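Quick caveat: nothing in here was measured; it's all calculated off a predicted structure.
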Amino acid sequence: MRLSNRARLVLPVAVAVAVLAGCGGKGSSGPSKDKVRSTTAADVTSVLRSHNVAVKGSITCDGQAPGVIDCHGTTSDGKDIQATLVASTSGLSCTGPMVVNVNKAQLVSLPDEKCS
């Protein structure tokens, strides 16, 4: 089947518009990576503080929502801190279950933490 000149021009433009609009392209919905990472780090620090666990330095988090946010740090006495939040998004809102471990022992499991 032979395409008309107009179809040859319209088809590539339609594909480019679809990609830029989100069909296979990068979406812009949900909170920013920086917001998710900083909010989750602050939540982990707060949980540790409420359990009388002192943090040496700061908690750092990596990942983005929706998805898994992994956080790491060290207690003031040298123990490893690990936290994981499985984030889901709705608009600019981000929530999910979070688990905080100190030296591989679960300190707390929270069913619905905010990450934005």
Side-chain angles (χ1 to χ4, degrees):
M1 183 165 107
R2 194 160 183 214
L3 294 175
S4 69
N5 284 340
R6 183 168 186 232
R8 286 185 208 170
L9 291 174
V10 172
L11 186 59
V13 171
V15 169
V17 168
V19 168
L20 291 173
C23 295
K26 215 175 191 181
S28 63
S29 63
S32 71
K33 287 182 196 178
D34 290 339
K35 176 72 173 167
V36 170
R37 291 172 182 176
S38 64
T39 300
T40 304
D43 287 348
V44 171
T45 301
S46 179
V47 165
L48 292 166
R49 190 178 304 122
S50 72
H51 285 83
N52 297 319
V53 176
V55 178
K56 178 180 179 183
S58 61
I59 300 295
T60 58
C61 297
D62 192 32
Q64 76 183 74
V68 176
I69 314 301
D70 287 316
C71 303
H72 300 278
T74 306
T75 65
S76 60
D77 59 353
K79 296 176 184 169
D80 186 45
I81 298 168
Q82 298 173 344
T84 302
L85 185 135
V86 181
S88 61
T89 59
S90 176
L92 293 178
S93 176
C94 172
T95 60
M98 181 169 73
V99 175
V100 179
N101 298 316
V102 175
N103 258 10
K104 297 184 182 180
Q106 184 172 310
L107 180 67
V108 67
S109 176
L110 303 166
D112 195 34
E113 280 297 292
K114 289 187 178 186
C115 47
S116 66

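- Note: the hydrophobic cluster containing Leu110 also contains Ile69 (ILVMFWY, side chain heavy atoms under 4.5 Å, direct or indirect links).
- Between Ile59 and Ala41, the shortest heavy-atom contact is O-CB, 3.6 Å.
- Under the 4.5 Å side-chain heavy-atom criterion for Ile, Leu, Val, Met, Phe, Trp and Tyr, Val55 and Leu107 are members of the same hydrophobic cluster.
- Remark: the Ser32 side chain and the Asp34 side chain contain no N/O donor-acceptor pair separated by less than 3.5 Å.
- The two residues Ser88 and Pro66 have their closest heavy-atom pair at CA-CB, 4.3 Å.
- Among all heavy-atom pairs drawn from Ser109 and Val99, the shortest one is OG-CG2, 3.9 Å.
- By the 4.5 Å heavy-atom criterion applied to side chains, Asp43 and Val47 are not counted as neighbours.
- Within the 4.5 Å cutoff, side-chain heavy atoms of Val102 are placed close to those of Leu48.
- Nearest heavy atoms, Glu113 versus Leu85: CB-CD1, 3.8 Å.
- A distance-only check finds no donor-acceptor pair linking the side chain of Thr89 to the backbone of Ala65 [under 3.5 Å].
- Judged by distance alone, with hydrogens and angles left aside, the side-chain atoms of Asp80 form no donor-acceptor pair with the main-chain N or O of Asn103 at under 3.5 Å.
- Of the possible polar contacts, one joining the Arg37 side chain to the Gly63 backbone as a donor-acceptor pair under 3.5 Å is found.
- Contact detail for Val36 and Thr40: the closest heavy-atom pair is O-OG1, 2.7 Å.
- Atom CG of Asn101 sits about 6.0 Å away from atom CD of Gln106, to the nearest 0.5 Å.
- Taken to the nearest 0.5 Å, the NZ atom of Lys33 stands 14.5 Å off from the SG atom of Cys61.
- Atom OG in Ser46 sits 10.5 Å away from atom NE2 in His51 (nearest 0.5 Å).
- The heavy-atom pair separating Met98 from Val44 by the smallest distance is SD-CG2, 3.8 Å.
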